[in-house]
There are 2 protein chains.
Amino acid sequence: MTRTVPAPLPPDFFDPDCPVPTVPVLGGKKWAWRILRCLEGGPRRFSELRVPLVGITAKVLTESLRSMEQDGVLERTEFAENPPRVEYALTPLGRTLLGPMDALCDWSRANLAELLAAREASERASELAER
Amino acid sequence: MTRTVPAPLPPDFFDPDCPVPTVPVLGGKKWAWRILRCLEGGPRRFSELRVPLVGITAKVLTESLRSMEQDGVLERTEFAENPPRVEYALTPLGRTLLGPMDALCDWSRANLAELLAAREASERASELAER
DNA sequence: CCCGCCGGTACCGTTGAAGTAACCGGCACC
DNA sequence: GGTGCCGGTTACTTCAACGGTACCGGCGGG
């Protein structure tokens with residue numbers, strides 16, 4: 001007899017010690033994706049990054065950059081110049097993230113219409129249920 | 001003369017109306033990834049999902065499933081049986097998400113060691129700075 | 001009559017990311 | 001001597017996700 005139901009999932013289906021979910025881009029990092037994208041074309045200065053990242057505050061940008069630096073996906077270089085200059089650049093590790101990231105962005109672009117339609121449909125359904 | 005610096009990024013580098021960042025998996029959805037993974041092999045019942053998703057509470061699982069249903073990546077089917085049965089299954093749209101997701105998971109697995117090393121290194125550096 | 005199972009809901013507390021506002025030191029320019 | 005820019009820092013607040021506990025209705029079984 002063929003099995004029509006899948007085998008039950010064991011409690012250790014996910015390794016409880018697996019730190020994959022702690023990967024920076026998978027966390028609630030609203031800006032990380034965009035920052036990576038901005039650095040794709042080469043190093044950028046702090047104030048240069050603030051231009052495309054419309055709405056970000058200095059604090060949040062600082063925090064995001066610091067945490068990404070800690071994760072080794074980008075590098076902070078301070079120049080002892082005048083006026084002071086700080087540059088942020090992708091590390092080789094950070095650059096390898098661009099591929100998978102592109103895959104997800106492509107998915108978003110391709111399926112966004114369908115996704116938004118699903119959201120609207122469920123909104124309309126819940127409005128009907130209210131009455 | 002060749003340009004050694006990249007062109008400046010314009011303020012409209014990102015479309016301000018672009019809702020790509022609102023895509024479910026890109027938000028701070030701690031469990032969405034795992035839920036998708038659990039449904040990869042076929043439909044699952046509510047209590048069946050609680051087994052592999054160690055530590056999730058009924059409330060959070062309900063919320064996650066509902067929001068993913070709204071986004072059209074999974075489907076909720078209620079059977080008027082006894083005892084009541086509810087099944088969750090991936091939609092075609094949800095199934096297309098598995099590919100890009102795998103890419104990111106592969107990246108995590110491949111580069112996790114390097115990432116954790118970078119974190120430790122920066123921790124050690126900050127401890128040195130404290131003294 | 002009471003107990004437990006299924007698939008939740010209600011209420012409330014915690015946490016961490018994000019936002020707001022004010023300020024800083026050093027230097028250049030006027 | 002005042003003003004402004006650069007690259008932040010500090011303190012405070014807001015907000016949504018997450019977590020904990022308790023409880024529910026309908027049913028079947030003992």
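Remember, it's a predicted structure, so these values are computed and weren't measured experimentally. Throughout, a chain's letter reflects where its sequence line sits, starting with A, and its residues are numbered from 1.
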* Structure fact -> Between CZ of B:R85 and C1' of C:dC6 the distance, given in whole Å, is 12 Å
* Nearest-Å distance for atom pair CG/C1', residues A:L53 and C:dA18 -> 14 Å
* Asked: Counting side-chain heavy atoms from CB outward, which of C:dG7, D:dC18, D:dG7 is closest to B:R76?
  -> C:dG7
* Listed nucleotide nearest any side-chain atom of A:S47, set C:dG8, D:dG7, C:dC6 -> D:dG7
* Classify the nucleic acid contact of A:T57 as base, sugar-phosphate or nothing, counting any heavy atom under 4.0 Å across all strands shown. => base
* **Heavy-atom check, side chain of A:L65 versus side chain of A:L49, under 4.5 Å** => yes
* **B:V73 with B:V60, same ILVMFWY side-chain cluster at under 4.5 Å** => yes
* Any donor-acceptor N/O pair under 3.5 Å between C:dG19 base and A:K59 side chain -> yes
* Have a look at B:R66 and say if it touches a base, only the backbone sugar-phosphate, or nothing, with a 4.0 Å heavy-atom cut-off. => sugar-phosphate
* May I ask you to decide whether A:E63 forms a salt bridge with A:K59, counting only side-chain N to carboxylate O separations under 4.0 Å? => yes
* Does A:F14 have B:R34 sitting over its ring (NZ/CZ under 6.0 Å from centre, angle to axis within 45°)? -> yes
* Please report, rounded to the nearest Å, how far the P atom of D:dT21 is from the CD1 atom of B:I56. => 16 Å
* **Residue mapping more 5' on DNA chain D - nearest nucleotide basis, B:P84 or B:V60** => B:V60
* **Residue closer to the 5' end of DNA chain C, A:G55 versus A:A58 (nearest nucleotide)** => A:G55
* Roughly, in whole Å, what's the span from CD in B:E81 to C1' in D:dG26? -> 14 Å
* Would you kindly give the CG-to-P distance between A:L61 and D:dG8, to the nearest whole Å? => 9 Å
* Asked: When the distance from CZ of B:F46 to P of C:dC6 is rounded to whole Å, what number comes out?
  -> 11 Å
* Asked: Hey, does A:Y88 reach any base, or is it just sugar-phosphate, or nothing, if we go heavy atoms under 4.0 Å?
  -> sugar-phosphate
* Taking atom C1' of D:dA11 as reference, at what distance in whole Å does atom CD of A:E63 sit? -> 12 Å
* Any idea which heavy atoms bring A:E40 and A:R95 closest together, and the distance? -> O-NH1, 3.4 Å
* To do: Nearest whole angstrom, please: distance from the C1' of D:dC18 to the CH2 of B:W31.
  => 10 Å
* Asked: Using a cut-off of 4.0 Å on non-hydrogen atoms, how would the nucleic acid contact of A:P83 be classed: base, sugar-phosphate, or nothing?
  -> nothing
* Among the nucleotides D:dG7, C:dT9, D:dC18, which one has an atom lying closest to any side-chain atom of B:T62? -> C:dT9
